[in-house]
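Following: one structure in structure tokens, then a few remarks.
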Amino acid sequence: FSIDHQLSSLGARALQLHIDHTMAAAVTRRVNALRVEVPDGNADTANAPAAKRILDAKDDVWVSADDGTSAGNGNQPLLFRTMKVKGSILHPYRFLILVRLVAVAAFFAWRLEHRNHDGMWLWATSMVADAWFGFSWLLNQLTKLNPIKRVPDLATLADQHGEAILPGIDVFVTTADPVDEPVLYTVNTVLSILAADYPIDKYACYLSDDGGTLVHYEAMTQVASFAALWAPFCRKHCVEPRSPENYFGMKAQPYAGSMPGDFTRDRRRVRREYDEFMVRIDSLSTTIRQRSDAYNNGDGVHATRMADGAPWPGTWIEQAENHRRAQHAGIVQVILEHPGCKPQLGSSASTDNPFDFNNVDMRLPMLVYISREKRLGYDNQKKAGAMNAMLRVSALLSNAPFIINFDCDHYINNSKALRAPMCFMLDPRDGQNTAFVQFPQRFDDVDPTDRYANHNRVFFDGTMLALNGLQGPSYLGTGTMFRRVTLYGMEPPRYRVENIKLVDNAHEFGNSTSFTNSMPDGAIQERSITPVLVDEGLITDLATLITCAYEDGSSWGRDIGWVYNIATEDVVTGFRIHRQGWRSMYCSMEPAAFRGTAPINLTERLYQVLRWSGGSLEVFFSHNNALIAGRRLHPLQRIAYFNMSTYPIVTVFILAYNFFPVMWLFSEQLYIQRPFGTYIAYLVAVIAMMHVIGMFEVKWAGITLLDWCRNEQFYLIAATGVYPTAVLYMALKLVTGKGMHFRLTSKQTEACSRDKFANLYTVRWVPLLIPTTAVLVVNVAAVGAAIGKAAAWGFSTDQARHVLLGMVFNVGTLMLLYPFALGIMGKRGKTPVILFVLLLMAIAAVGLLYVTLYAPYPQESLTFLSW
């Protein structure tokens, strides 16, 4: 994300940090740019040509970059439109970047010419820090010189690739813990997938339960039962969104179907059925425990029992040998079989069936539950290992040429979301060389002011559009559609030798002949999904594919599948694909394609960013370092990945500047740069230009000033607490070979019905909060001491004016740490005025203490202030 972070000290440092790293969390509000809109089944709008909508729309930022409306053999119609930033915005933006670069170079030259010999160590430290800031700013600006937006044309897709010839899709959903990732989220995600607007027989849904819990399995059986009502209801009435929890939670539900007379009655009945369904889901844990106790009564076995009384092969409630979270058998269960290719229309309403589903297809997509084998002594590789197991299992059951993956809390918000990425994959221009399509992540239930920058809008609507003008956006872990063969390590057609064998060295893929034989079919772009006979032979093959030992001696986790041994397996997997020469696409829709849940608790949010930043450093110190990638990686894409993997290092310099006021509190003379007046002039110039450049980015990214401010605030919070921890973790790993365990981000909420944001005000003190708290205290003391010094010297003196001017930077730091200060106040943070009163009292106390203990300074002393 684009970061504009001022780290200055009066008489100290000058350069402005404008860091745009693509891993740490950031913010934005809304993309005002042009997108394809398909509102809730409105036939007139949905069928209107995208090109006409683009031309008719008034957009003061983006213009078409396409030369024509067709390309490829036979003048095939384009399936997406390319938009570029207007020259009236882009050219001044680029010019200002050049001007600021010249100004920064002149500033460094001036500083080198005017070394501070009295405090050389301090001057040298600031020069190294400012050089890093300037270098990072330059590299980040280079990747943002050509932002591009691509708009999918769903109408043309429907014309050129009808329902009968759309390719197959395997949908992967991952979960690991029914507590940290509540079952409520998982069932709604799966329901939204089963009801999506895509040919029913052409996609399959796979749920990977890495905890191996019976709760998740029985929840899927309940989902299959309720989906038989929910999916036809959605199809009949063009319901949006198709997650029932989110749909019924909407205050306004505009109707877009063609049967308004039936809608109210149907909706009331479906809502009643959903409420009963959720009662069953909420009581699953209790039901399973009571059932198990009844079956186990008196036999001395504490097994967790399935509905038929058989022991559950996965994790038991009372864990035992071979039934623990890290030690249990593998499970593959087809809950809903392939529906067949022939539509199955519903019946009219009757005494036994109050729903009129006449002319509504009642089929449901294939649904499969997977829990891979876990054994002691094996590294299960967390999410990456689960994804690779699903990749192999799906190859034998459905083997769709395209795969889209979701976290369990990300549901389909726009029913046409599975169609949009096909516009890029099947486009006649470069579709064959497109490896994956990345959607932005949008979130529900974030506090209205987005205190901790959960929305990530600056990142998704700024950085991703910039990368879209290069080799494409990075893979971000969820809401991503892949071409299956890219995950098998296959090269793109542009670099591929003709008639090359997909499976050259079969042992690289493991010892399953059935799996390797399925790979050529999975590479056929036009392939659909065909029913398979689940016999004993297939069951044996599936069991083999999910064993712990299957990957031994193979290339899984390195050159094949999702990458192992790095916390940010998503980014490094995308990097490996880009390194081979593939490209990716960024796709944004309105309404948003997918929506999810973000942690609004400060501690959970910081743990999330810790995993991202620690994983980024792991990438840099691995064989996936962008600096050693081959020539197929675009030069500016290489720079982007380099920034992604090194951004936490900046914390060393940020902490230094934020703790410099400690020295100022106890020292009479501290100099970084003289002459002071020229130094301030350079500071003002480079800071002003940086902000002007930032406003241009706000304009073409379509974000708000609030988004930009929240982005700045949370960046400093992370840079003073999370990034130091990540750097320490990486240093320990390099020295000892052992890293830190990154915990799963909890999505569980403590919010009650009266206050949905109660978790926002819960304080969970952990060591991660200590460094930022120390920075906050130091800068409060610096402001108080500055006022005390000015009062002691007399406000009209030059020294006092210097002190008060430098104090502005300390106040700026406090403003950036404002969300953090509210967070550590807990429930008192609901009333911000309390924080302001406390800060004023603390500043006044320090100022009075300084005046009381004041001893006259020499007249020639200058003040050191840092921000």
May I ask you to check whether W230 and F277 place their ring centers less than 6.0 Å from one another? no
Over-ring placement of R483 relative to W582, 6.0 Å and 45° cut-offs: no
Do V187 and M220 have side-chain heavy atoms sitting under 4.5 Å apart? yes
Please find the pair of heavy atoms, one from H338 and one from I529, that lie closest to each other, and give the distance. NE2-O, 3.2 Å
Are the side chain of K374 and the backbone N or O of G314 linked by a donor-acceptor pair below 3.5 Å? no
Main-chain N/O of A400 paired with R484 side-chain donor or acceptor, under 3.5 Å: yes
Taking the six-membered ring where the residue is Trp, are the ring centres of Y185 and F406 under 6.0 Å apart? no
Does any donor atom in the side chain of Y452 or Q608 lie under 3.5 Å from an acceptor atom in the other side chain? no
Taking the side chain as C-beta and beyond, is there a heavy-atom pair between K202 and I169 under 4.5 Å? no
Using distance alone, with no hydrogens and no angle criterion, decide if N188 and S243 have a side-chain donor and acceptor under 3.5 Å apart. yes
dist L545:CG -> E551:CD (nearest 0.5 Å) comes out at 10.0 Å
Between Y475 and S584 (side chain of the first, backbone of the second, donor and acceptor by atom type, cut-off under 3.5 Å), is there such a pair? no
One pair to check against side-chain contact (heavy atoms from CB on, under 4.5 Å): V619 and F575. What are the steps and the verdict? CA-CA 10 Å; V619 173; F575 167 76; 5.6 Å; no
Could you walk me through whether D209 and Y369 pass the side-chain hydrogen bond (donor to acceptor under 3.5 Å, both in side chains) check? CA-CA 7 Å; D209 173 19; Y369 171 91; 2.7 Å; yes
With rounding to the nearest 0.5 angstrom, report the CG to CG distance, N517 to N399. 11.0 Å
If the plane angle is over 60° it's perpendicular, under 30° parallel, otherwise tilted; pick one for F482 and W562. perpendicular
Are the side chain of H328 and the backbone of P313 linked by a donor-acceptor contact shorter than 3.5 Å? no
Quick one: does any side-chain atom of Y550 pair with a main-chain N or O of F509 as donor and acceptor, under 3.5 Å? yes
Working for side-chain contact (heavy atoms from CB on, under 4.5 Å), residues H623 and R558: CA-CA 10 Å; H623 67 278; R558 182 180 175 93; 3.2 Å; yes
Q290 side, atom CD; R305 side, atom CZ - distance, nearest 0.5 Å: 16.0 Å
With the side chain counted from C-beta on, respond yes when F594 and T478 share a heavy-atom pair under 4.5 Å apart, and no when they do not. no
Hey, mind stepping through S554 and I560 against side-chain contact (heavy atoms from CB on, under 4.5 Å) and telling me if it holds? CA-CA 9 Å; S554 71; I560 300 172; over 6 Å; no
Pairwise distance CD1(I403) to OG1(T486) - rounded to 0.5 angstrom: 8.0 Å
Taking C-beta and beyond as the side chain, do L538 and L396 meet within less than 4.5 Å on heavy atoms? yes
With distance as the sole test, does T544 use its side chain to make a donor-acceptor pair with the main-chain N or O of T540 at under 3.5 Å? yes
Closest approach of N601 to T762 (non-hydrogen atoms, all atoms of both residues): ND2-O, 2.7 Å
Between R291 and N296: side-chain donor-acceptor atoms closer than 3.5 Å: no
Would you say F248 and V270 make side-chain contact, with heavy atoms under 4.5 Å? yes
With Y411 as partner, the option from T186, T597, D444 fulfilling side-chain hydrogen bond (donor to acceptor under 3.5 Å, both in side chains) is D444
Does CD in E337 sit with more than 12 non-hydrogen atoms of other residues, nucleotides or ligands closer than 6.0 Å? no
Nearest-0.5 Å distance that lies between atom CZ in R325 and atom OG1 in T213: 8.0 Å
Side-chain touch L606/V609, heavy atoms, less than 4.5 angstrom: no
Please verify the inter-ring angle class for F226 with Y274; under 30° counts as parallel, over 60° as perpendicular, anything in between as tilted. tilted
For the residue pair N624 and R579, what are the closest heavy atoms and their distance? OD1-NH1, 3.5 Å
State whether R280 and E218 are salt-bridged, where the test is any N-O pair (Lys NZ or Arg NE/NH1/NH2 against Asp/Glu carboxylate O) under 4.0 Å. no
Output the distance between atom CG (N405) and atom OG (S208), rounded to the nearest 0.5 Å. 11.0 Å
Under 3.5 Å donor-acceptor, R605 side chain and A598 backbone: no
For a quick check under 3.5 Å, do Y564 and D379 share a side-chain donor-acceptor pair by atom type? no
Taking atom types as modelled, find out whether D170 and S398 have a side-chain donor-acceptor pair closer than 3.5 angstrom. yes
Would you say the side-chain atoms of N625 pair up with the backbone N or O of F620, donor to acceptor, closer than 3.5 Å? yes
Check against side-chain contact (heavy atoms from CB on, under 4.5 Å), H323 and T304: CA-CA 9 Å; H323 294 283; T304 298; over 6 Å; no
Shortest non-hydrogen separation from M366 to P339 and the atoms involved: N-CD, 4.3 Å
Step-by-step salt bridge (charged side-chain N to carboxylate O under 4.0 Å, His left out) determination, D407 to K383: CA-CA 10 Å; D407 289 342; K383 179 181 176 180; 2.8 Å; yes
Can you check whether A231's main-chain N or O pairs, donor with acceptor, with R242's side chain at less than 3.5 Å? no
Would a 4.5 Å heavy-atom cut-off, applied to side chains only, mark D552 and Y378 as touching? yes
T568 side-chain N/O to V571 backbone N/O, donor-acceptor pair under 3.5 Å: no
What are the two closest heavy atoms between N388 and G561, and how far apart are they? OD1-CA, 3.2 Å
So which heavy atom on Y203 is nearest to which on A196, and how close? OH-N, 3.5 Å
Students often mix this up, so state it plainly: with edges at 30° and 60°, are the rings of Y247 and F233 parallel, tilted or perpendicular? perpendicular
Do R375 and N322 make a side-chain contact, defined as non-hydrogen atoms from C-beta onward lying under 4.5 Å apart? yes
